[in-house]
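Computed from a predicted model, the values in this text were never measured in an experiment.
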Amino acid sequence: ISLAHTGITGLQRDVAVDYAYTGTLDGGGKILTVAAGEIYGYRGTTNAPASKDTAGSGQIHGHSQVGVFSTANATVNNLTVGGDMNLYFRTNTTDTSTTYLAGGLVAKNTDTSTYTNMTTSVNIQYQGTTSGSIGGLVGYGSALTLTNCTGSATINAGNSAVYAGGLIGQYTGSTLAVSNTTLSGTMTANEANHARLGGLVSRIANGNYNNVTVTLTGITVNGQTITG
């Protein structure tokens, strides 16, 4: 399933706290290709440019939670998420968002969620200087269990001071369980702006560091590179 050339960046409205996806999704081994921030079609009466320009073509404006699901507390199995997400915060527009949350599948997880047999190979390009949390699978989460997952996302945090993780951006739960999971892919950032890069998760902080239980079993790092 490809969202390319549809104009669809996700399946929910932004900040969908009252409308979180809470079901069970079985991808049946299929690939879901995202295309957030894609440039295509026309600007006015002319063809859209081939790349981003000063007019803002292809840039995400006013969307603070970007993912297939902006908010989810769900069970998702047997799915690969690929494609591209091009995110750019422009302070000279009416976009007043101060924090971005972006994930290949879920921007924000707010309650118990389980992901099994998942692969993320999404390419996330983040520009601008605003703060945020970016994850190859989940941007900002709590109460997560990941089993038999592969994180092969390419994430470029650019010049921003974001939290960026191969699978999870920022995590605020008291327990995190990850098993039989492989990490590869590439993560880069401009070190001058102190982006926080993590192969699995960028940051774990629930306000009480003494009460965070992290269980990691069968984690394989296969050629993952982190530069920043």
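- The side-chain heavy atoms of Ile1 and Lys30, taken from C-beta on, include no pair separated by under 4.5 Å.
- At a cut-off of 3.5 Å, with distance as the only test, a side-chain donor of Thr71 or Gln65 sits close to an acceptor on the other residue.
- Within the model, atoms CG of Asn78 and CE of Met118 stand 9.0 Å from one another, a figure rounded to the nearest 0.5 Å.
- By the neighbour-count criterion of 12 heavy atoms within 6.0 Å, atom CD1 of Ile219 is densely surrounded, having more than that number from other residues, nucleotides or ligands.
- The two residues Tyr171 and Leu144 come nearest to each other via the heavy atoms OH-N, 2.9 Å.
- Across all their heavy atoms, Gly136 and Ala153 have their closest contact at CA-CB, 4.0 Å.
- In this structure, Leu11 CG and Leu25 CG are separated by 9.0 Å, a value rounded to the nearest 0.5 Å.
- Atom OG1 of Thr119 is separated from atom CG of Leu32 by 12.5 Å, given to the nearest 0.5 angstrom.
- The two residues Gly199 and Ile226 have their closest heavy-atom pair at N-CD1, 3.6 Å.
- Here the OG1 atom belonging to Thr181 is positioned 7.0 Å from the CG atom belonging to Asn148, to the nearest 0.5 angstrom.
- Side-chain contact check for Asn77 and Asn117: no donor-acceptor pair (N or O, by modelled atom type) lies under 3.5 Å.
- In summary, the side chains of Asn222 and Ser184 do not present any donor paired with an acceptor at a separation below 3.5 Å, with no hydrogens or angles considered.
- When each of Asn156, Thr154, Thr186, Asp84 is checked for a side-chain hydrogen bond (donor to acceptor under 3.5 Å, both in side chains) with Asn123, only Asp84 meets the rule.
- For the residue pair Gln125 / Asn86, no side-chain donor-acceptor distance below 3.5 Å is found, with atom types taken as modelled.
- Residues Asn109 and Ser142 are in side-chain contact: their nearest non-hydrogen atoms beyond the backbone lie under 4.5 Å apart.
- Val68 has its side chain within reach of Val34: a pair of non-hydrogen atoms, C-beta onward, lies under 4.5 Å apart.
- The shortest non-hydrogen separation linking Ile155 to Gly135 is CD1-C, 4.3 Å.
- Looking only at side-chain heavy atoms (C-beta outward), Val214 and Val201 stay at 4.5 Å or farther from each other.
- Within the 4.5 Å cutoff, side-chain heavy atoms of Asn73 are placed close to those of Ser113.
- For the atom pair OG of Ser202 and OH of Tyr140, the computed distance is 12.0 Å after rounding to the nearest 0.5 Å.
- Residues Tyr115 and Val106 meet the side-chain proximity criterion, which asks for heavy atoms closer than 4.5 Å.
- Taken to the nearest 0.5 Å, the CG atom of Leu105 stands 8.5 Å off from the OG1 atom of Thr120.
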